[in-house]
Amino acid sequence: MLTLKNISAGYGRTEVLHGISLNVPKGKLVALIGSNGAGKTTTMRVASGMLAPLSGEVLLDSKSLVGQASYKVTALGISHVPEGRRVFPTLSVRDNLQVGAFRRTSWGRLDQNAEEDLEKVFLRFPRLKE
């Protein structure tokens with residue numbers, strides 16, 4: 001389970017998150033919804049290790065992730081993809097998805113589980129396969 005406990009975070013002197021907490025159970029999909037400026041991106045940056053919290057805890061299966069480099073957090077299976085703006089426009093949809101699965105490759109090829117997961121994505125979102 002991914003747990004954020006009493007997280008405060010921000011940029012410079014501006015605190016954006018004020019003591020938020022949430023749990024993401026293993027194997028579950030969770031949506032973080034809110035208006036512009038509500039702190040969704042900041043929350044995701046803290047959860048994925050891109051931004052250190054000012055206070056609070058980020059835990060994966062009760063082990064602290066605070067202070068871990070974001071690439072190490074990604075290797076544990078936690079990452080986020082910013083909406084629309086940060087994909088590679090010259091790559092195909094499949095190539096963009098494979099970039100997201102980079103940690104699950106061997107010699108540039110997706111491992112079997114990653115290939116199966118990619119096919120599940122295409123079943124769930126058939127338009128992507130087109």
Nearest 0.5 Å, please: how far is CD1 in Ile20 from CG in Leu32? 7.0 Å

Side-chain donor/acceptor of Ser48 to backbone N/O of Ile78, under 3.5 Å: no

Test your reading of the model: is there a side-chain donor-acceptor pair from Lys40 to the backbone of Ser35, 3.5 Å cut-off? yes

Could you check whether any side-chain heavy atom of Lys129 comes within less than 4.5 Å of a side-chain heavy atom of Arg94, counting everything from C-beta outward? no

Once you round to the nearest 0.5 Å, how far does CG of Leu65 lie from OG of Ser70? 11.5 Å

Would you tell me whether Asn6 and Ser21 have side-chain atoms, one donor and one acceptor, within less than 3.5 Å of each other? no

Treating Ile, Leu, Val, Met, Phe, Trp and Tyr as nodes and any side-chain heavy-atom pair under 4.5 angstrom as an edge, say whether Leu4 and Leu60 lie in one connected cluster. yes

Counting C-beta onward and ignoring hydrogens, is there a side-chain heavy-atom pair between Ile7 and Thr43 closer than 4.5 Å? no

Any side-chain heavy atom of Arg45 sitting closer than 4.5 Å to one from Thr41? yes

How many angstroms lie between CD in Gln68 and CG in Leu76, if you round to the nearest 0.5 Å? 6.5 Å

Hydrophobic clusters here meaning ILVMFWY residues chained together by side-chain heavy-atom distances under 4.5 Å, can you tell me if Leu17 and Val24 are in one? yes

From CA spacing to verdict: side chain to side chain contact (heavy atoms under 4.5 Å, CB included), Val66, Val46: CA-CA 9 Å; Val66 174; Val46 169; over 6 Å; no

Given a cutoff of under 4.5 Å between side-chain heavy atoms of I, L, V, M, F, W and Y, with clusters grown through shared members, what are the other residues clustered with Leu59? none

Between CG of Leu22 and NZ of Lys5, what distance do you get to the nearest 0.5 Å? 12.5 Å

Would you name the heavy atoms of Ser8 and Gly19 that are closest together and state the gap between them? OG-N, 3.3 Å

Hphob cluster co-occupancy, Val73 + Leu51, side-chain heavy atoms under 4.5 angstrom: yes

Which value, rounded to the nearest 0.5 Å, describes the distance between Lys28 atom NZ and Leu2 atom CG? 15.5 Å

Quick check: closest heavy atoms across Gly39 and Val16, and the distance to 0.1 Å? CA-CG1, 4.0 Å

Distance-minimising heavy-atom pair for Pro53 and Ala9: CA-CB, 4.1 Å

Donor-acceptor check, side chain of Thr14 to backbone of Gly10, threshold 3.5 angstrom: yes or no? no

Rounded to the nearest 0.5 Å, how far does OH of Tyr11 lie from OG1 of Thr42? 3.0 Å

